[in-house]
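Worksheet for the structure shown next.
First the proteins, then the strands, lettered A, B, ... as listed; each starts at 1.
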There are 2 protein chains.
Amino acid sequence: MNSKTRAAQLDDVSKAIIEQLQEDGRRSYAEIGKAVGLSEAAVRQRVQKLTDAGVMQVVAVTDPMQLGFYRQAMIGLRCSGDTRAIADQLASMPSVDYVVLTAGSFDIMAEVVCESDEDLITLLNEQIRKLEGVVSTETFVYLKLHKQLYNWGTR
Amino acid sequence: MNSKTRAAQLDDVSKAIIEQLQEDGRRSYAEIGKAVGLSEAAVRQRVQKLTDAGVMQVVAVTDPMQLGFYRQAMIGLRCSGDTRAIADQLASMPSVDYVVLTAGSFDIMAEVVCESDEDLITLLNEQIRKLEGVVSTETFVYLKLHKQLYNWGTR
DNA sequence: GATAAAACTACGAAATCCACATATTTACTC
DNA sequence: GAGTAAATATGTGGATTTCGTAGTTTTATC
């Protein structure tokens, strides 16, 4: 197993199915079938495959602001040592929803979601900046989220 | 209209419903009802409300890597003038899937999804860096995506 | 062109969704 | 606290969808 890393070569029908579910994750297989020219069972089969392969997943996404998380930020980290170990530790923090190893003047970038400035300060000082190997951090507080898409890959 | 900005005060039941759908966006209303202690119709009604209010949406999300987009990057922009206008223009570019206005040494951060390094270079030079008011950019090429959550808000 | 694997269709049974009528709870006013 | 309106929840029956499975077509390989 583990087709999680590369692989996949989606045909147009599968892409069309994904597009349908990107518009509405609860659309019925029958309706999708009509839209893409396939039987209900075939759509079901393909969705199962795509999901199993990790190509796609159908989930609820929420707006943090509407749920009481009024402070979001991107944090750039400069590190020494193994960045993967640090990334793992960041990833294990509940307030951290996004971690990526990067090339450039930061080694890691992490997005955090906090309820308040207080929480952000605490998170930074008591958790992130205390991690072994974190040399320095730079915080980019979000002023306004302008665009957020979940539909890569089928344009 | 437009409860898109603040508002919302979710009770535990609605949070539980969201959690259910974050695990599986296609879970049946009946099953969710059983899990949260509500009738099927009530769950449906709440989901409809949450969706209409923009608190939550059920969608398919995909793994860009598996769809042939082998190069992702975060781009930090330093700008002069109105950052909102620039953000709008960035947001209108298909390769850009995430745009946020920030405080700090960057005014805007944008995530981009490209098929190749070639595409990234083209995007940067022929589109992003040509925008009026973009003073300088810094590109953080993604080496490894480590964590990506869609389930903020109900922890 | 034979063969095997993969993908698709068809179809009945079970489960789910949906619309609506009714009941209950909540919030507010006096 | 009683009265009232609005919001929220339940129950029900019919329409729709999902699910499993068996059989057919397509695709790939040698």
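Side-chain atoms of B:Ser105 and A:Glu138 form a donor-acceptor pair, as typed in the model, at a separation below 3.5 Å.
With salt bridges taken as basic N to acidic carboxylate O contacts below 4.0 Å, none links A:Asp107 and A:Arg78. Taking the charged nitrogens against the carboxylate oxygens, B:Arg46 and B:Asp11 do have a contact shorter than 4.0 Å, which makes a salt bridge. Looking at A:Glu40 and A:Arg44, a side-chain N of the basic residue comes within less than 4.0 Å of a carboxylate O on the acidic one, giving a salt bridge.
Cation-pi geometry between A:Arg26 and B:Tyr29 is satisfied (NZ or CZ under 6.0 Å from the ring centre, within 45° of the ring normal).
With B:Ile108 as reference, B:Leu101 is the one residue of B:Leu101, B:Ile75, B:Thr137, B:Val100 to meet the side chain to side chain contact (heavy atoms under 4.5 Å, CB included) rule.
Using the six-membered ring where Trp is involved, A:Phe140 and A:Phe106 have ring planes that are perpendicular, over 60° apart on the 30 and 60° scheme.
Nearest heavy-atom pair, B:Pro64 versus B:Val113, reported as atom, atom and distance to 0.1 Å: CB-CG1, 4.1 Å. Across every non-hydrogen atom of B:Ile128 and B:Val134, the tightest pair is O-CG2, 3.7 Å.
Fit an axis to the five pairs at each end of the helix from C:dG1-D:dC30 to C:dC30-D:dG1 and the two axes sit 50° apart, to the nearest 10 degrees.
Residue contacts for A:Arg44: at a heavy-atom cut-off of 4.0 Å it reaches a base atom on one of the strands shown. At the heavy-atom level, B:Arg26 lies under 4.0 Å from the strands shown only through sugar-phosphate atoms.
Taken from OH in B:Tyr70 to OG in B:Ser116, the straight-line distance is 11.0 Å, to the nearest 0.5 Å.
Extent of DNA chain D lying under 4.0 Å from chain B heavy atoms, first and last nucleotide in 5' to 3' order, is D:dT8 to D:dT18.
Rounded to an integer number of Å, the gap from A:Gln45 CD to C:dA6 C1' is 8 Å. Atom CD in A:Gln48 sits roughly 16 Å away from atom P in C:dA6 (whole-Å rounding). Atoms CG (B:Asp11) and C1' (C:dT26) sit 12 Å apart, rounded to a whole Å.
Of the side-chain N and O atoms in A:Lys49, one or more sit less than 4.0 angstrom from OP1 or OP2 of C:dA7.
The stretch residues 30-42 of chain A touches DNA chain C through A:Leu38, A:Ser39, A:Ala41, A:Ala42, each having a heavy atom under 4.0 angstrom from the strand.
Between B:Thr62 and A:Leu50, every side-chain heavy-atom pair lies at or beyond the 4.5 Å cut-off.
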